2 protein chains.
Amino acid sequence: MARSGPKLTRIARTLGVSAATVSNALSGKGRVSAEMVEKIRATATELGYVPSQAGRALRTGRTGVLGLVLPDIANPLFPQIAQAIELAASSSGYGVLIADSRGDVSTQTKAIERLIDRDVDGLVIVPRRGTRIADVGCPVAVIDTPSTPGNTVAADHWGGGRQIAEHLKALGHCRVLIIGNNPASNVQNDRAGGIRSVFGEGYHTDTLWIEPLEKLAGKGCPLGLADKVAEGYTAFACISDLHALRALTELQRAGINVPERASVTGFDDLIWSPVITPALTTARMDMTEIAAIAVAALVKAISERDPSDPAIGAPVTAETSKVPMHLVIRQSAAAPPAFQPVHTTATAATSVTEGGHQP
Amino acid sequence: MARSGPKLTRIARTLGVSAATVSNALSGKGRVSAEMVEKIRATATELGYVPSQAGRALRTGRTGVLGLVLPDIANPLFPQIAQAIELAASSSGYGVLIADSRGDVSTQTKAIERLIDRDVDGLVIVPRRGTRIADVGCPVAVIDTPSTPGNTVAADHWGGGRQIAEHLKALGHCRVLIIGNNPASNVQNDRAGGIRSVFGEGYHTDTLWIEPLEKLAGKGCPLGLADKVAEGYTAFACISDLHALRALTELQRAGINVPERASVTGFDDLIWSPVITPALTTARMDMTEIAAIAVAALVKAISERDPSDPAIGAPVTAETSKVPMHLVIRQSAAAPPAFQPVHTTATAATSVTEGGHQP
DNA sequence: ATCGGCTGATTAATCGTTTAATCATGCGAT
DNA sequence: ATCGCATGATTAAACGATTAATCAGCCGAT
């Protein structure tokens with residue numbers, strides 16, 4: 001845009017020095033006397049000097065912009081992620097360019113290309129369900145899950161699953177149903193795996209994947225949770241707060257009180273989780289931390305990189321690649337009903353009290 | 001970034017012409033013979049030429065980047081907005097730089113400055129609760145609500161309110177409680193106003209603002225909706241699906257079936273609305289349309305602008321500034337109970353019916 | 001034959017910053 | 001006195017695209 005502000009030469013002229021000296025003083029690179037540096041700094045701030053990114057970019061080959069690729073932008077986590085990344089990036093002096101790829105893989109590739117064409121210095125990618133990131137021409141930070149090869153940094157989803165499960169176990173639950181969306185997602189698998197790993201001998205878990213179910217029964221179909229309660233399940237450990245919400249409302253609608261008759265837990269601490277009734281017990285990622293690590297790794301890779309090299313785009317690595325999740329205990333999970341159904345078949349179905357439910 | 005691709009001069013050298021000719025041919029500006037244009041186009045695509053934004057920006061003063069400012073980034077609408085703006089912008093050849101301002105007004109100002117410093121060509125701002133946008137140095141498109149002075153384009157929130165209200169009225173509701181967050185928001189006020197305008201003589205509406213209530217009773221406090229039902233309210237028209245969700249779960253938890261005993265409606269058709277039970281009846285904005293108009297207006301203003309002028313930043317205007325909302329009818333709103341409770345105290349709590357409900 | 005006008009291309013300057021190379025100067029050591 | 005050296009600053013060349021100004025032909029008209 002029309003840089004209304006003063007340029008380097010303006011400052012130089014004001015002080016009667018050369019532009020190079022000003023540049024050196026401001027960047028602290030060349031040899032400039034301390035007093036000169038002081039004077040230049042002063043007039044620079046006084047005049048409100050802001051360096052032209054365009055000029056700098058042209059010369060250095062660095063734009064100071066990172067690209068953020070969220071393949072599944074409808075994801076309710078998006079605000080959290082975008083906010084965290086933007087904060088981390090701007091703290092490091094970077095801007096964030098977003099690209100959307102409406103779930104589609106080919107659109108994702110095109111979106112990435114658009115960012116590359118805009119000369120981003122690096123890319124933060126939250127891949128869609130185990131998508132392998134093609135070799136792009138710049139450093140890439142991948143935020144997926146620690147078990148994914150090529151992952152840069154992510155929440156400890158497995159550990160989060162364990163925390164949720166430990167909580168449910170301590171409350172006395174023995175039969176828990178895990179509810180996820182799609183087993184092809186690494187994140188979802190890790191969360192589910194973490195949960196399962198806690199319930200060993202004498203416990204029972206099963207997993208309900210929504211997407212395959214909806215393929216048959218249609219979008220937004222009932223999950224049949226009242227039947228599951230009748231079968232003796234006392235807890236529903238959902239892989240995302242979105243599923244938890246779906247489960248919770250379905251149970252409530254069927255007249256099954258949460259958490260008295262059935263417990264529900266989620267993941268991610270999404271926006272609505274604290275304000276619904278009962279408020280959701282969930283496991284939260286430390287997005288701020290994750291974003292900070294991802295951006296730091298990216299910035300390091302960028303600064304170490306020779307701007308004119310053959311440009312390989314392997315994912316960057318960070319010192320810490322696994323950030324613990326935090327258990328947020330609210331009201332949606334409690335001890336199971338005192339009269340605990342046997343671990344066998346469904347005779348408990350009779351005890352379904354009032355409340356309409358249609359399969 | 002290291003532009004690995006070929007530069008203008010590379011193409012020029014390949015064809016034995018000057019760089020200027022190549023530039024002219026590609027932009028269609030100077031005088032170049034038709035056949036030359038053809039040849040240049042061909043080799044350009046063949047070599048995979050992508051112009052350097054930095055070089056172009058430096059010369060033209062245009063970066064081809066728009067800034068998107070979402071003052072309340074935690075807003076669950078964010079994905080919709082960001083997606084729509086990004087789509088519209090990239091269709092016009094623009095990139096989208098995001099800036100967050102965690103609700104804080106001073107942070108918002110700083111965020112805008114950061115974008116300006118990065119030489120964005122224009123700004124799309126979804127202002128926080130009636131914030132007045134200070135004069136920035138570039139064209140600005142404001143997406144708020146049609147009644148706000150300086151608004152560029154927005155959904156017809158008032159009209160959306162009317163649609164919701166007409167729907168409830170047609171179903172037979174006479175006493176409806178409007179639930180909003182904060183009356184300082186122009187959007188919320190318009191939605192509420194639209195609803196009220198439909199219920200005239202013989203009807204009753206009241207409004208519950210959550211934020212003031214939470215100031216007293218704490219975050220996530222109960223809204224006391226069971227009492228409202230006892231008072232004879234049969235419908236809860238929420239200003240956002242987030243509030244609708246809160247209302248719905250609170251009612252369900254109190255054993256009040258939705259929609260048999262009380263109807264609940266929302267706004268925005270947020271991610272969870274179709275999948276909860278009962279699915280939410282709501283009014284949706286046409287974000288794609290709104291974004292398209294906003295970006296088009298911005299692009300027009302940018303192209304008409306002299307990049308070196310004194311740069312005033314008054315909001316741009318569009319031909320259409322009001323985009324109709326769409327009513328999405330699902331299951332959360334139905335006819336009120338036949339036996340309408342008297343407008344007095346709470347004895348109705350006993351008459352919990354039972355049984356399924358099929359629309 | 002010369003000039004004017006048109007076409008299609010080239011030259012060269014410019015945007016603002018960085019940075020390698022160069023230069024002037026003063027000072028201590030031989 | 002001179003050489004070497006460190007210091008503090010300047011020069012000038014890039015980066016890649018755009019664009020005003022210029023130029024070489026060529027054709028038709030005076």
Side-chain angles (χ1 to χ4, degrees), chain A residues 1-41 44 47-64 93 117-119 121 303 306-309, chain B residues 1-40 44 47-65 93 117-119 121 303 306-309:
Chain A
M1 202 67 281
R3 318 280 311 118
S4 38
K7 340 269 169 219
L8 258 192
T9 55
R10 176 88 167 67
I11 299 182
R13 202 151 19 82
T14 306
L15 290 169
V17 295
S18 74
T21 302
V22 178
S23 176
N24 282 331
L26 259 28
S27 66
K29 285 202 169 169
R31 287 186 302 216
V32 189
S33 67
E35 46 193 340
M36 192 78 247
V37 169
E38 186 51 37
K39 278 203 295 185
I40 290 177
R41 284 249 172 75
L47 292 169
Y49 167 72
V50 177
S52 153
Q53 295 290 338
R56 171 176 297 170
L58 184 54
R59 178 64 228 248
T60 63
R62 304 240 147 94
T63 53
D117 288 351
R118 282 196 180 282
D119 304 338
D121 291 340
S303 64
D306 177 359
S308 66
D309 71 2
Chain B
M1 200 68 278
R3 315 285 307 120
S4 38
K7 342 267 168 219
L8 257 194
T9 55
R10 176 88 167 64
I11 300 181
R13 204 150 18 83
T14 305
L15 290 169
V17 295
S18 75
T21 302
V22 177
S23 176
N24 283 330
L26 259 27
S27 66
K29 285 201 170 168
R31 287 186 301 215
V32 188
S33 67
E35 45 194 340
M36 192 79 244
V37 169
E38 186 50 38
K39 278 204 293 186
I40 290 176
L47 292 169
Y49 168 72
V50 176
S52 152
Q53 294 291 338
R56 171 177 296 169
L58 183 54
R59 178 64 226 250
T60 63
R62 304 239 147 92
T63 54
V65 173
D117 289 350
R118 282 197 181 282
D119 304 339
D121 291 341
S303 63
D306 176 0
S308 65
D309 72 2

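In this text the structure is predicted, and so the values were computed from the model without any measurement. Below, each value reflects all heavy atoms present in this structure, side chains not excepted, and no hydrogens, waters or symmetry copies.
- In this structure, CG on N24(A) lies 8.0 Å from OG on S18(A), to the nearest 0.5 angstrom.
- Where V32(B) and K29(A) meet DNA chain C, the nucleotide closest to each residue was compared, and V32(B) sits on the side nearer the 5' end.
- For the pair R62(B) CZ and dT14(C) P, the computed distance is 21 Å after rounding to whole Å.
- Atom CG of L58(B) is separated from atom P of dT19(D) by 13 Å (rounded to the nearest Å).
- Nucleotide dG8(C) holds its P atom 13 Å from the CD1 atom of I40(B), rounded to whole Å.
- Put simply, the side chain of R10(B) never gets that close to the backbone of Y49(B): no donor and acceptor are under 3.5 Å apart.
- Summarising the geometry, the separation between CG on L8(B) and P on dT14(C) is reported as 20 Å, rounded to the nearest angstrom.
- Within the helix from dA1(C)-dT30(D) to dT30(C)-dA1(D), the inter-axis angle between the opening and closing five-pair segments is 80°, rounded to 10°.
- The phosphate of dA9(D) has OP1 or OP2 within less than 4.0 Å of a side-chain N or O from S33(A).
- When heavy atoms are screened at a 4.0 angstrom cut-off, R31(A) is found touching base atoms of the nucleic acid.
- Atom NZ of K39(B) is separated from atom CD1 of I11(B) by 13.5 Å, given to the nearest 0.5 angstrom.
- Contact record, A19(A) with T9(A): CB-CG2, 4.3 Å, taken as the closest heavy-atom pair.
- In this structure, CZ in R59(B) is found 12.5 Å from CG in L58(A), a value given to the nearest 0.5 Å.
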**OP:** Could you walk me through whether T21(A) and L15(A) pass side chain to side chain contact (heavy atoms under 4.5 Å, CB included), step by step?
**Re:** CA-CA 10 Å; T21(A) 302; L15(A) 290 169; over 6 Å; no
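- Here the OG1 atom belonging to T63(B) is positioned 11.0 Å from the CZ atom belonging to R118(B), to the nearest 0.5 angstrom.
- If you take CG of D119(A) and P of dG16(D), they are 10 Å apart, rounded to a whole angstrom.
- Under the 4.5 Å side-chain criterion, counting only non-hydrogen atoms from C-beta, D119(B) is not in contact with V65(B).
- When the P atom of dT10(D) is taken as reference, atom CG of L15(A) falls 10 Å away, rounded to whole Å.
- Residue R13(B) contributes atom CZ, which lies 17 Å from atom C1' of dT10(C) at whole-angstrom precision.
- Between the CZ atom of R10(B) and the P atom of dG16(D) there is a distance of 13 Å, rounded to whole Å.
- Between the side chain of R59(B) and the base of dT14(C), at least one donor-acceptor pair of N or O atoms lies under 3.5 Å.
- At the phosphate of dA17(D), OP1 or OP2 sits under 4.0 Å from a side-chain N or O atom of Y49(B).
- The phosphate of dA17(D) has neither OP1 nor OP2 within less than 4.0 Å of any side-chain N or O from K7(B).
- Of the residues in residues 16-27 of chain A, A20(A), S23(A), N24(A) come within less than 4.0 Å of DNA chain C through at least one heavy atom, sorted by number.
- Atom CG of L47(B) and atom NZ of K7(B) lie 12.0 Å apart (nearest 0.5 Å).
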